[in-house]
Structures are given as C-alpha cells and as structure tokens.
Participant: 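The following block contains the structure, expressed as structure tokens.
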Amino acid sequence: MAGITEELTCIGSDLPSILPITRNILRLNDGEIISFWAGGYELTSVEDGEIIKRNPEIVEDTMEAAQKGGYSHFMLKEIHEQSKVAGELLNMLDSSPDLEPFISKIKEARDIYLIACGTSYHAGLLGSVYFNKFAGRAAIPVLAPQFTAQYGSSVGPEDVGIFISQSGETKDVLNAIATAKKQGMGILGLVNVVGSTLTLVSEYHLPLVCGYEISVPATKTYTNQVLALLYTALRCGEKETSELNKIPDLMDLTLKAAEGQLGPIVGKLSGWDDLYILGYGLTYPVALEGALKFKEITYAHCEGMLSTEFKHGPLSAVYDGYPVIFTVGPEDIPLIISGINEVTCRGGHVIAIGFEDSRLEANAQQTITIPEIDISDELKPAVLALLSVIPLQLLSYNCSLDREFDPDFPRNLSKTLTVD
Ligand code: AGP
C-alpha cells in the first residue's frame, strides 16, 4: 500500500508502517504498478499498461493502538494484551455473521487442511490436535509453501482449507490459496488484518480482533488463533463453549505467575546459544512456537521438538549444564519424566513448564509453574496448552533484553512477508 501526502509518497507492506506518516492511504491490488514521486503517483495495469484512476482513502484508525502505552516494547505490551483480545474474540465469535457458514463448511468437508507459516502454522498444528480431540475430525496441518507439493493434485471441491495468517498478506500463504482455488477447494480465513488479501479471497473469514500487532514476534495473534481454533473445534464437535470465557482471566494469572518465576531461568540461559524446547501431544506445537520465539529474538539456536524424538538423535548434544526445556501436559507426566531423566543423567539442565506437580519438581532442576485452573477435565489439557506459551513468550522477551537485543525488531526480519 502507499501513503500519499502533498510532500511525499511512501510504500509499505502494512498499514502500521505508514500510519505514523499519513492516513491518506492507497491500497494496491494484484496486477497493478505504482510509479511514484514526492507528492504524486500513477497507477497502471500490468496487463495492458492502461492508467487506473483511483483516489486514496482516509483511514480512520487511531495511532494509539500503534504506541507502546507505557511499556518498554511493543512485544511486552502485546503479551499483556492477550487476555483482553481473547475476551474480545470470544464476544465477536458469538455474534459473527460468518461463524455459522464457516463451521458448516468445515463440518461438510471431506478433508480439512490448516495452512499457514511460522507462528500461524504452530497455531494450526495445535488446532489439528483440537479438531481430533473435540470434533473427531482429522484436520491436516501443512506449511503453506509445501501445500502445492504435498496436496496440490489431491484436493478438490469437497475439501476445505483454513488459511491462518496474522497479516493476511503472506505470499507463501497466497501461493497456497492460488493452488486451492485452481482445484476448486473451499477457502476459509483466520486473519487479523481486516481488508487484507486473505479476507478478500476467503469465502468466509473470522477476524482475530487483536488490533495492531507491531512487534515482529507474534504473540497475541497466536493465542487468538489458537483460541479461535479451539472454539471452532468444539463447535464442530457440537460441544459447549461457555467455559472458554474463563480463559482471559487464566491468561492474566499465568502471566503474573510467570513474571515472578522467570528471573533465575533467564539467569541460567544467559550465554547459552544452543538449547531445545520439547513438548508432547498438545504441548508439541507449544514447544515449536516457544523455540521459534526464542530464536527469533535472541539469535540463539533453539530447536522445538517432539519430546520422544529427542532420544532418536539430538540427545547426543547434551553435556554438563546443557539446557532443555520441557512443556508438560497433565496427562503426559510419566512419559515426560522418562524424557527428563534421559537428559539429567547426561548432566543436562532441565526446566519444566506445567501445573505444579511434585514429580516435575523432584526431577527437573528448575520449574515454571502454571497456576491450577478451574475448568472441566475434558478441557483442562487443551487450555493448558494455550496458556503454556505465555511463559515462553515472556522468557524469550527477557532473554532478548538480557542479550541487549531489540525484541520488537529483530535483525533480518519483517512483520509482513510479501515475497516468495
Ligand atoms: C512469528 O513470530 C513470526 N513473525 C512469523 O513466523 C510469522 O508468524 C509468519 O511470517 C507468518 O505470518 P502471518 O501470520 O502474517 O502469515
């Protein structure tokens, strides 16, 4: 899109980058070329070179949402906003006109695909566990750039793809949509930026209602993607969703508890440029997301992995003090203890994240305890998986500061990836 003023014209891949300069915005469509100079522009069609006449629009959004509001970084502000936007998402879902057709499309589909990149893919991966658990449906998670290679010739009009993207402009995702369209597949969107390409090309979309996410590392959009997928999976399984209204408060409690426990863990990880985060079942996607966040803003090598795979090779990396973080679901503790012992008996240093449990405390060197939650047994592990990412977000943030990096704008990365 372009920002147009009398003195200058500027180009950006998203609105927040331009709004500090002007609200006079010209949105560009596929197949258009903009030529621009200080104070002017010309739009032409790629197809026939014809001039396209279109005036800029005045965007009403305030810049307040794009300011730090007293926090030292956008990332910290956005971590703290998670409970608020989760509450707003739940209210929106109950009244969204797209919700019923969105759910019907999924229920009627032969096969369901969850298609995304990066953090949004991790949300999709967790969503696939939710669909299996609560709707008894296989939802196939796939990294968007692999969609064409793995499924491009197999999908058809009977299938549906849920395309998940904060920006709604990620080129890898739009490429997968092009394949899906060619095959006649149903296209649903889970997207934060309203008016983005994904909202325009989806038959139905659910907005994530997170407001602007400025920090390059995604936080509040991830938790709302996960919450939307949990809600959708429950609805597809014809299950009650009212208990989800407890989640915003649980997020605040988890955040507060993590704030009080992270100091010694940041101290332990200081100077380590190589570590693993492991999870199992519901917490496997959390481990991948925690590791992505950690490497994105600390520049350390941090690999997320299924905990049971660790013994199949990576265990050889462990030596005295080597840090391995386990995200632990309440149902998996005996299995995880076995994995923890495989690390500690080689001198490794284990940090366990989960509900308070004497077995974890006895076997791990350090723990991050998530406060016990008052929610039905059926939902508890699923909600714990949603909450478990919060300590990992905050840990990554603090480790980034410890290394004197800027967590909001990590080197070499951009918020919206509009390139192949
Ligand atoms: C996450 O912290 C990253 N910024 C990145 O992995 C991101 O999730 C990915 O590029 C996908 O972006 P999207 O959600 O806007 O499609």
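As a basis for the values below, the full set of heavy atoms in this structure was taken, side chains included, without hydrogen atoms, waters or symmetry mates. Counting starts at 1 for both ligands and their atoms, following the listed order. When a residue number appears, it is its place in the shown sequence, counting from 1.
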Participant: Tell me which part of Lys415 gets within contact of ligand 1: side chain, backbone, both or neither, using heavy atoms under 4.0 Å.
Facilitator: neither
Participant: For atom 1 (C) of ligand 1, what's the nearest protein heavy-atom neighbour? Residue, atom name and distance, please.
Facilitator: Thr119 OG1, 3.0 Å
Participant: Main chain of Glu47, side chain of Ser45: is a donor-acceptor contact present, judged purely on distance under 3.5 Å?
Facilitator: yes
Participant: How close do Ala86 and Asn224 get, counting heavy atoms only, and between which atoms?
Facilitator: CA-OD1, 3.3 Å
Participant: Identify, for atom 4 (N) of ligand 1, the protein heavy atom at the shortest distance, and state residue, atom and that distance.
Facilitator: Val216 O, 2.9 Å
Participant: For Ser120, counting its heavy atoms only, list the atoms of ligand 1 lying under 4.0 Å from any of them.
Facilitator: 8 (O), 13 (P), 14 (O)
Participant: Nearest to atom 12 (O) of ligand 1, what protein heavy atom do you find, and at what distance?
Facilitator: Thr170 OG1, 3.5 Å
Participant: Counting distance only, does the side-chain N/O of Lys220 pair as donor-acceptor with the main-chain N or O of Cys210 below 3.5 Å?
Facilitator: yes
Participant: Looking at Thr367 and Ile265, what are the two nearest heavy atoms and their distance?
Facilitator: O-CD1, 4.0 Å
Participant: I'd like to know if Glu100 and Lys107 make a salt bridge, using a cut-off of under 4.0 Å between side-chain N and carboxylate O.
Facilitator: no
Participant: Return the closest protein heavy atom for atom 3 (C) of ligand 1 as residue, atom name and distance.
Facilitator: Glu296 OE2, 3.4 Å
Participant: Which of the numbered atoms in ligand 1 are under 4.0 angstrom from any heavy atom belonging to Pro217?
Facilitator: 2 (O)
Participant: List every atom of ligand 1 that sits less than 4.0 Å from any heavy atom of Leu417, numbering the atoms from 1 in the order shown and giving each element.
Facilitator: 10 (O)
Participant: Looking only at distance, does Val173 have an N or O less than 3.5 Å from an N or O of ligand 1?
Facilitator: no
Participant: How far is atom 15 (O) of ligand 1 from the closest protein heavy atom, and which atom is that?
Facilitator: Ser167 OG, 2.7 Å
Participant: Which atom pair, heavy atoms only, marks the closest approach of Pro371 to Leu253?
Facilitator: CG-O, 3.9 Å
Participant: Looking only at heavy atoms, which two atoms of Glu213 and Glu78 are closest? And how far apart?
Facilitator: CG-OE1, 3.4 Å
Participant: Need the ligand 1 atom indices (1-based, order shown) with element for anything under 4.0 Å from a heavy-atom of Lys293.
Facilitator: 1 (C), 2 (O)
Participant: Say whether, by atom type as modelled, one donor and one acceptor occur between the side chain of Asp172 and the main chain of Asp420 under 3.5 angstrom.
Facilitator: no
Participant: Below 4.0 angstrom, N of the basic side chain to O of the carboxylate: do Lys415 and Glu169 qualify?
Facilitator: no
Participant: Within a distance under 4.0 Å of any heavy atom of Gly118, pick out the atoms of ligand 1 and give their elements.
Facilitator: 6 (O)
Participant: In the protein, which heavy atom is nearest to atom 11 (C) of ligand 1, and how far is it?
Facilitator: Cys117 O, 3.4 Å
Participant: I'd like to check which ligand 1 atoms, numbered from 1 as shown, lie under 4.0 Å from a non-hydrogen atom of Leu292.
Facilitator: 6 (O)
